[in-house]
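Working notes for the structure below.
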Amino acid sequence: MGNYVLTGNESLGIEFGSTRIKAVLIDENFNPVESGGFTWENRLENGVWTYHTDEVWDGLRAAYSSLINNLGTPIRTLKSIGFSAMMHGYLPFDKDGNLLAEFRTWRNTITGEAAGELTELFGFNIPQRWSIAHLYQAILNGEEHVKDIAFFTTLAGYVHWKLSGEKVLGIGDASGMFPIDSEINNYDEAMLDKFSALEKVKEYSWDIREILPKVLPAGAQAGVLSEEGASLLDASGNLSAGIPLCPPEGDAGTGMTATNSVTVRTGNVSAGTSIFSMVVLENQLKNVYKEIDMVTTPSGKPVAMVHCNNCCTDLDYWVNMLYEFAGRVGSELTKPQVYDLLYNSALDGDADCGGLINFNYFSGEPFSGRELHAFKFLPRSDLQYNGNA
């Protein structure tokens with residue numbers, strides 16, 4: 001940003017996307033000041049799509065450090081900080097804060113039995129990627145760690161907790177953990193009761209109400225950056241503790257906010273590793289549709305979402321190859337420029353794409369009933385398939 005002078009009234013937002021962690025600094029008038037980033041990638045281990053927790057913290061520090069390097073001056077204080085991340089998934093912890101199982105991301109399609117049973121029980125669509133489906137599937141599987149759960153949350157909730165000590169979640173992200181009642185802006189009480197009454201759930205000493213994060217709407221105070229949190233974020237030690245934090249949110253909420261689609265009868269489409277469309281409704285749907293998820297805006301309004309697990313993963317691999325090739329022949333093209341060239345070139349392509357069909361199922365796809373998990377390319381020319389057809 002060159003000659004920009006920090007005033008302490010700037011705000012920092014950090015989002016954990018599927019392929020990049022982005023850090024963005026804005027001024028008090030909401031104008032972008034500078035940004036930084038870190039590239040990461042989920043991995044398929046023992047049939048589970050996951051990220052390692054050390055990658056979370058290494059990536060957080062690297063993205064923040066990249067921002068500082070681009071800014072050219074250290075940040076000592078801020079007006080506010082907010083974290084967001086890919087929604088859903090499963091991060092269970094014991095009473096001492098130890099992670100009890102690998103981080104199971106939204107991309108997994110291993111909770112079909114649980115999702116089906118809960119959808120029927122609640123009369124409300126519970127997709128496979130939702131946190132409550134992961135928890136109940138672990139119960140159905142008889143997983144040993146379930147008895148020790150004291151708290152479970154999403155990726156954004158996890159980062160916020162470790163940097164502030166607060167076990168809270170923005171309502172939009174929370175709506176991907178457990179159904180929300182938009183009349184009270186909290187988890188649906190009747191569904192909490194139904195879940196608690198399940199025979200297999202009653203075998204455990206914990207209460208679902210006690211292990212879910214507290215729900216907060218946009219604008220609520222969600223704690224402050226702790227001394228430990230400041231050191232986790234800024235390895236240089238320049239950033240001060242005590243900075244106010246906003247409720248951690250999901251990527252759907254940030255997408256709605258960024259496109260000004262948070263009011264009734266507005267909508268948007270988000271295309272990334274996954275792809276989903278969202279429309280803000282006046283009321284909850286009257287019927288259950290397996291193709292439609294019900295989440296909320298960051299202020300708690302009901303949102304109808306149609307979500308597909310697979311979108312741009314293979315495109316990103318092609319772009320990485322072309323970007324690397326461009327660099328090796330001496331080009332100074334940036335990766336965003338390679339993306340732009342590829343997208344614009346597509347406008348000149350044949351209407352039938354030259355007879356080619358792109359089959360981009362890198363993970364399972366509940367929307368179309370595919371249980372494909374992943375292809376793994378080996379050094380030799382053959383292709384090994386991991387998962388079930």
Side-chain angles (χ1 to χ4, degrees), residues 1-41 51 55-87 154-160 162-164 169-170 172-173 218-219 222-225 229-230 232-236 238-240 243-262 268 270-273 297-298 312 316 334-337 339-340:
M1 202 51 195
N3 297 321
Y4 182 84
V5 178
L6 293 168
T7 65
N9 289 317
E10 294 79 15
S11 293
L12 172 68
I14 297 181
E15 176 160 279
F16 291 77
S18 298
T19 58
R20 291 188 70 238
I21 302 173
K22 289 88 68 176
V24 180
L25 188 71
I26 61 173
D27 66 21
E28 56 189 316
N29 296 313
F30 312 111
N31 298 307
V33 173
E34 192 53 84
S35 63
F38 175 79
T39 299
W40 69 342
E41 184 69 46
Y51 299 85
E55 295 175 304
V56 173
W57 303 114
D58 290 346
L60 174 67
R61 283 188 290 268
Y64 182 79
S65 177
S66 171
L67 166 66
I68 297 301
N69 288 338
N70 293 336
L71 187 63
T73 185
I75 296 175
R76 303 196 183 280
T77 190
L78 292 162
K79 185 177 182 180
S80 61
I81 300 176
F83 301 99
S84 62
M86 57 192 105
M87 293 174 66
T154 64
L155 178 56
Y158 168 56
V159 172
H160 184 98
K162 290 300 183 182
L163 269 65
S164 69
L169 203 58
D173 205 3
V224 299
L225 185 68
L232 280 172
L233 178 57
D234 182 10
S236 71
N238 288 304
L239 189 64
S240 301
I243 299 169
L245 301 182
C246 71
E249 263 297 349
D251 50 0
T254 54
M256 283 184 271
T257 303
T259 56
N260 196 25
S261 304
V262 294
N268 73 306
S270 177
T273 302
T297 67
C312 294
D316 196 51
T334 64
K335 186 179 288 187
Q337 288 174 324
Y339 264 109
D340 290 344

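Along the sequence shown, residues carry numbers from 1.
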Side chain to side chain, [X] and [Y], heavy atoms closer than 4.5 Å:
{"X": "L25", "Y": "I75", "answer": "yes"}
{"X": "L71", "Y": "L6", "answer": "yes"}
{"X": "I26", "Y": "E10", "answer": "no"}
{"X": "L232", "Y": "L163", "answer": "yes"}
{"X": "T19", "Y": "E41", "answer": "yes"}
{"X": "Y339", "Y": "D316", "answer": "yes"}
{"X": "L225", "Y": "S164", "answer": "no"}

* When rounded to the nearest 0.5 angstrom, what is the spacing between CD1 in I21 and OG in S66? -> 11.5 Å
* Asked: When rounded to the nearest 0.5 angstrom, what is the spacing between CE in M87 and OG1 in T154?
  -> 8.0 Å
Counting only N and O atoms by type, is there a donor-acceptor contact under 3.5 Å from the side chain of [X] to the main-chain atoms of [Y]?
{"X": "D173", "Y": "L169", "result": "no"}
{"X": "N268", "Y": "S261", "result": "no"}
{"X": "H160", "Y": "A222", "result": "yes"}

Shortest non-hydrogen contact from [X] to [Y]?
{"X": "G250", "Y": "S84", "result": "O-CB, 4.4 Å"}
{"X": "I81", "Y": "L78", "result": "CG1-CD1, 3.8 Å"}
{"X": "S18", "Y": "T273", "result": "CB-OG1, 3.1 Å"}
{"X": "A85", "Y": "A156", "result": "CB-N, 3.6 Å"}
{"X": "P247", "Y": "G170", "result": "CB-CA, 3.8 Å"}
{"X": "A23", "Y": "A63", "result": "CB-O, 3.8 Å"}

Under the side chain to side chain donor-acceptor pair (under 3.5 Å) test, which residues partner [X], sequence neighbours left out?
{"X": "Q337", "result": "T334"}
{"X": "K335", "result": "N320"}
{"X": "Y64", "result": "none"}
{"X": "S80", "result": "S11"}

Can you name the side-chain contact (heavy atoms from CB on, under 4.5 Å) partners of [X], sequence neighbours left out?
{"X": "S35", "result": "V24"}
{"X": "A258", "result": "none"}
{"X": "A62", "result": "F38"}
{"X": "T77", "result": "I243"}

* **Listed partners of F83 passing ring-ring contact (aromatic ring centres under 6.0 Å, His included), at least two apart** => none
* Asked: Can you name the ring-ring contact (aromatic ring centres under 6.0 Å, His included) partners of Y51, sequence neighbours left out?
  -> W40
* Test log, rule side chain to side chain contact (heavy atoms under 4.5 Å, CB included), inputs L60 and F16 -> CA-CA 8 Å; L60 174 67; F16 291 77; 3.8 Å; yes
* **Neighbour count above 12 (heavy atom, 6.0 Å) for N69 CG** => yes
* **Summary of salt bridge (Lys or Arg N to Asp or Glu O under 4.0 Å) pairs that have at least one residue in residues 18-31, sequence neighbours excluded** => E15-K22
* If a pair satisfies salt bridge (Lys or Arg N to Asp or Glu O under 4.0 Å) and one of its residues is in residues 59-78, list it, with sequence neighbours excluded. => D58-R61
* Output, in order, the C-alpha distance, side-chain angles, deciding distance and verdict of side chain to side chain contact (heavy atoms under 4.5 Å, CB included) for L12 and L233. => CA-CA 12 Å; L12 172 68; L233 178 57; 4.3 Å; yes
